[in-house]
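There's a structure below that I have some questions on.
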Number of protein chains: 2
Amino acid sequence: MDFRSRPRHRNAGSYHHGELRQALLAAAAELLAGGGSDAVGMREIARRASVSHAAPYRHYANREALLADLAAIGFEQLAARFAGLPAATTPERRLVEMARSYVDFAREQPQLWRLMFGNTLDKTQHPALLDASRLVLANLRATVEALGVPAPATHQTLAAWAFAHGVARLVLDQRLDAHLDAPLDADALVQEAAWIFLRGLRHT
Amino acid sequence: MDFRSRPRHRNAGSYHHGELRQALLAAAAELLAGGGSDAVGMREIARRASVSHAAPYRHYANREALLADLAAIGFEQLAARFAGLPAATTPERRLVEMARSYVDFAREQPQLWRLMFGNTLDKTQHPALLDASRLVLANLRATVEALGVPAPATHQTLAAWAFAHGVARLVLDQRLDAHLDAPLDADALVQEAAWIFLRGLRHT
DNA sequence: GGATGATGTTGACAGCGTCAACATTGCGCG
DNA sequence: CGCGCAATGTTGACGCTGTCAACATCATCC
C-alpha cells in the first residue's frame, strides 16, 4: 500500500483536516441521533469538526446532500442487518425475522430511520437512496415468493413492507402509549401483526 | 345575534385585520399543500395575509403552534370523513372502506397527511392532536371488534392502523413507481392489503 | 521546482423565527 | 358620554441559518 497516496489525519494546527468528510459525517450522525434531522446544521457540524463554517461545502453541495449521505449509510446498515439474519428454518419464520429486524432497526436508531423513510428527503433526487431501498425490496420480494406466492408477488410484497413499516411507525410514536391503558409490547405487536399477514396470505 | 360583538372583516386601510387567524390558516394551508411543512413560514403567511411579519405572534406562540393547529384541523377533516362513511353491510366491508378512506385522504392532501402523521410535530406537546387521533383509533377499534375479535382488540386494532398507514405511505411515496415495472394501482393495493389483513384476522 | 487542482478560511448576503417597545383600535364600565 | 384597558397590529432589532465568492494553503505531478 502506498501510504502517501491517501493523506493521513492531521492533528490541530494543520491547515487541512485530512479526513473531514468522515468527521462531518460523524458529527452529523451524532446530531441526528440527538435531535432529529432538524438538528443537523452545516455550521454546527463544522464547529464540531473544528473547521470553518463553509468547509463542509467542499464535500457536500448543500445540506440536503449531506442528509442524503447519512440516509444512504443507514440503508447500507439496514441491508447488512438483513444479510446477517440467521438462516431461517421456514420462509414464514424468515419473514417474521425480517419484520422484527426492521422494527428493531427503527427502535435502535429512530431518527436515522425517520430520515431514511420520512418525507425530509426527496429520494428521487438521490439515486444512491433509490438503489439501496431497491435492494431491500428485492430481498423482501424473494422471501414472499418463497412462501408460495407466484412471482412477481408485487402487491403482496408491498403489503408486507407496508405492514412492517406501519408497525415500526406505531412503535416509535410515543403517541401510542397515550392511547393504551398499558404500555405497548412492541415485540408482541410485531409478532402478532406478522402472523396476521402470513395467515392472510396463505388462505387465499 | 349581536353583530357588533364579533368584529367583521375590514378591508385594506384599517389597522386591525379582524379575521387574521382565519387568514393565516388559509395562507398556511396553501403553503403546506404547495411545498410541505417546510414551506410554511411565519413571515410568508404574514405577507400573504397582508400584515406585518410579527402579527401572527398575536395568534400563535410560535411556528410549531401554527402547524399543530393545521394538523388538528386535518384530524377533524379525517374524523368527519370517517363519520360520513356510508353504513356498511358487513364489518368486513366497513374496515375495507375505512382503509380506502384513509388512503384517499392521504392521496388528496398528501402534505397535510404528512404533517399529521409525520415526525415534524411532537404530538405529546399538543393535546388537541392527541384527542383527535384518539377518536380515530376508537372508531377503528370498534370496527375491529365488530369483526368478532374479543375486546379490547388492542393489537389487532394497532395492526389494522399499521397496515393502512403503511399502505398510505407507500402509495404516496414516488419512490415506489421506480421499483415497479408498471405504475402502481393504489386502489388495488389497498383492497388486496385489506383482504390479507381480514383473512389473517379470521383464521386464528 | 513551479503550476495546478483540491481543500480550508474569511467575509458577506438574504432570509428566517422570535422578542420588546410602541401604535391603534374596540369594548366595557363608571 | 367618555375614559381606560385589553386586544390586536407595527416597527425594529437580534442571533441564527444556508449559501456563495474571493482568497489562502497545501499536496501532487510534469
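Below, chain A is the first sequence line, B the second, and so on; all start at residue 1.
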Aromatic ring proximity B:Phe117/B:Phe105, centre distance under 6.0 Å: no
Polar pair under 3.5 Å, donor/acceptor by atom type, side chain A:His53, base C:dG8: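 Donor-acceptor pair under 3.5 Å: no.
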Per B:Ala54 side chain, nearest of listed nucleotides D:dT19, C:dG17, D:dG12: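 Nucleotide nearest to B:Ala54's side chain: D:dG12.
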Distance, rounded to the nearest Å, where B:Tyr57 contributes OH and C:dC16 contributes C1':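 Those two atoms, OH and C1', are 9 Å apart.
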Hey, does the side-chain of A:Arg43 have a donor or acceptor N/O within less than 3.5 Å of a partner on the base of D:dT19?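 Such a pair exists between side chain and base.
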More than 12 foreign heavy atoms under 6.0 Å from CZ of B:Arg93: is that the case here?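 Atom CZ in B:Arg93 is not crowded, with 12 or fewer foreign heavy atoms closer than 6.0 Å.
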Please give, in whole Å, the distance from C:dG8 C1' to A:Arg21 CZ?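 Result: 15 Å.
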Report the distance from atom CD of A:Gln22 to atom P of C:dT7, rounded to the nearest whole Å. 13 Å
Length of the line joining A:Arg58:CZ and D:dA22:P, which is rounded to integer Å: 12 Å
Give, for atom CE of A:Met98 and atom CH2 of A:Trp161, the distance between the pair rounded to the nearest 0.5 Å. 10.0 Å
Rounded to the nearest 0.5 Å, how far does OH of A:Tyr60 lie from CD1 of A:Ile45? 8.0 Å
What is the distance from CD of B:Glu19 to P of C:dG26, rounded to the nearest Å? 14 Å
Separation of atom CG in A:Asp38 from atom P in D:dC16, rounded to whole Å: 18 Å
Is B:Arg94 salt-bridged to B:Glu97, going by a charged N under 4.0 Å from an acidic O?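 Salt bridge: no.
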I'd like to know if B:Arg63 reaches the base of C:dG17 with its side chain, counting only an N/O donor and acceptor under 3.5 Å.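 Such a pair does not exist between side chain and base.
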Nearest to the side chain of B:His59 - D:dG18, D:dT8, C:dG11?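 The listed nucleotide nearest to B:His59's side chain is D:dT8.
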Between B:Arg47 and C:dC16, is there a side-chain N or O to OP1/OP2 distance below 4.0 Å?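 Answer yes for this pair, as a side-chain N or O of B:Arg47 is under 4.0 Å from OP1 or OP2.
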Distance, rounded to the nearest Å, where A:Leu20 contributes CG and D:dT25 contributes P: 18 Å
Could you give the CG-to-P distance, from B:Leu66 to C:dC16, as a whole number of Å?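 Nearest whole value for this atom pair: 15 Å.
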